[in-house]
There are 2 protein chains.
Amino acid sequence: MTTRILHRLLKLIKTNKKFLIVSHISPESDAIGSSIALALGLKKMGKSVYVLNRDPVPDILKFLPSAKIVTRKIPSGKFDVMFIVDCPNMERTGLKNLRAKITVTIDHHLLLSQVIPKQSLNLIDPKASATGELVYKLLHSLHVTIDKAIATNLYTAILTDTGGFRYSNTTPESLKIASRLVAAGADPWEITKEVYENFSFNRLRLVSLCLPTIEKKGKITSITVTRDMFKKTKTSIEDTESIVDFPRQIKGSEVALLFREDRKNLYKISLRSKGKVNVAKIAKTFGGGGHANAAGCKLTGSLTEVKGKIFKAVKSAIKN
Amino acid sequence: MTTRILHRLLKLIKTNKKFLIVSHISPESDAIGSSIALALGLKKMGKSVYVLNRDPVPDILKFLPSAKIVTRKIPSGKFDVMFIVDCPNMERTGLKNLRAKITVTIDHHLLLSQVIPKQSLNLIDPKASATGELVYKLLHSLHVTIDKAIATNLYTAILTDTGGFRYSNTTPESLKIASRLVAAGADPWEITKEVYENFSFNRLRLVSLCLPTIEKKGKITSITVTRDMFKKTKTSIEDTESIVDFPRQIKGSEVALLFREDRKNLYKISLRSKGKVNVAKIAKTFGGGGHANAAGCKLTGSLTEVKGKIFKAVKSAIKN
């Protein structure tokens, strides 16, 4: 994050009054936590703030302080500044017809094609572990007192985007900010209970049904979830979150796959790499996308056909 | 940690030459990581160091830099100072006939009966998340440069004792030290892969077999592992590590139980509390022990009998 951009941004915030905060569709912790924390910080400065998302706050994030300020109702008025948070462009917000004099992106994702113009006000730092980290720095620079509510939102954002301080984006900086957020009132165990220890009994029954499908072929491991399993356990797509971690946690796994049956002959595939294989590249060849270590795509065909295609592509990527 | 004790300890280390480091039986990451890090630090100061444990370094910890310096061979000579690390007393080391002029305990466990004498050299701080935190502070005070090897050992110690920075012992201090250790070369993802993503395929098959045994009765959840499951999956007691996390992660669970069949009619029970119930007290009534949130005991009887007794005791503890 350049000091130059930060300074311009501080001035912009100080000299304006009406703010709109939006984020990406299907928002997760970093999108929601960063949006709320930024809103709470701006409100502390006496600003008028409107937080908008196309989709609802996921149930698992409703514990976040002030989660209710995130609304789905398109505002009619015009804003001074619109912040696009944890989201590289307007398209990914799924929103339109919003009016603001100035638009500013705060994000840690960098699109391959993206060039940050010199005069930009956008706070884009791919080195940040989470957008929450950037919002922390912004609020800190604005001399906003980080209270328990802001700290809880930002801690949750950073916690989840670093996979619980486990992924390779866990830096000295993210841990230092986490330390300050805990000092400011974020409670690691209370947040852990909400984020990682809040599975339904049915979700566990789903895990129980799909674990026997785990396969290991060389350095590739996989797990499969079928519509039949959803039906038997009264679960849905949402309950497959983190199920790909099971094959990933197997010793010797370099790439882990989740095959999720969405419709007859339509599979969503989640790909996870342990660092040596760029799975975004593989997903892209099938019309999908993602990060180097976490990507996804959809394929039509029988499970055998789909598995055959993906395993072949991953195998070839491991060899190269 | 009092500055007074720390000062005495620095003087003791500076004025002596031959050091022995021991820890508790069945050592885990904090015991091994703290022992090795302390040894490496003292060696950097030109000291002679001998690291001893009654039991071998667990396979999962053999990735720790300099893990090989931990030996099981009883030394014949006499030492200037013996450090008992991550262990409240000599008894828990399972060792005897060791000779040292002075014995110093470095630990974050506090026995209920324990009173720290005023003239003590023992570094006992129950507020520390892990003994690794105390060793970090000691080495830092000794102006030892924390290199990648020391940092990796200490980070692993703190990481595991805080349950991956999740438990309530995760403090601003533990995160701050973690931040410094990452800056000094500890690699969160590499360590995560060794500690949390290193399960055997057979261990996953074991999980797959025991998940269907999960039960939820009010705020109590449980899971059962039988000898038959071990046999079918070619696994052993070691593979049940963290299996109690599955029932604990269920929404609404206050106390999670693991019933492990060790012999016919002999069960080891692991009890985990999410914070409201002191499970150490329950374990104690059955001759076991542990911490408020993690305890264990052994009971004889059929599975139905054993489960009946434990569920009754936990139910009554939840009510009170």
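Side chains included, hydrogens not; waters and symmetry mates left out as well; all remaining heavy atoms used. Lettering of chains follows the sequences in order, A, B, ..., and the numbering in each one begins at 1.
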field: S29(B) (side chain) donor-acceptor with A157(B) (main chain) under 3.5 angstrom
entry: no

- prompt: Do you know which of V195(A), I177(A), T192(A) has the most heavy-atom pairs under 4.5 Å to chain B?
  reply: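 With the most close heavy-atom pairs to chain B, the winner is T192(A).
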
query: Do F165(B) and Y196(A) have their ring centres less than 6.0 Å from each other?
result: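 Centroid separation for F165(B) and Y196(A): 6.0 Å or greater.
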
query: Taking the side chain as C-beta and beyond, is there a heavy-atom pair between N153(B) and P65(B) under 4.5 Å?
result: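 The answer is yes; the side chains approach within 4.5 Å.
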
Could you tell me which of [options] has the largest number of non-hydrogen atom pairs under 4.5 Å with chain A?
| options | answer |
| --- | --- |
| G275(B), G164(B), S168(B) | S168(B) |
| L159(B), T170(B), L209(B) | T170(B) |
| K274(B), K193(B), K176(B) | K274(B) |
| E190(B), E194(B), R248(B) | R248(B) |
| A184(B), P188(B), S174(B) | P188(B) |

task: Report the relative orientation of the aromatic rings in F246(A) and F246(B); use parallel for angles under 30°, tilted for 30 to 60°, perpendicular for over 60°.
output: parallel

query: With the threshold set at 4.0 Å, does a side-chain nitrogen-carboxylate oxygen contact exist between K231(A) and D228(A)?
result: no

field: Portion of T171(B) that has a non-hydrogen atom of chain A nearer than 4.5 angstrom
entry: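 The backbone, not the side chain.
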
message: Please find the pair of heavy atoms, one from D239(A) and one from I243(A), that lie closest to each other, and give the distance.
response: O-CD1, 3.8 Å

query: Does anything in residues 214-224 of chain B get under 4.5 Å of chain A by heavy atoms, and if so which residues?
result: I214(B), E215(B), K216(B)

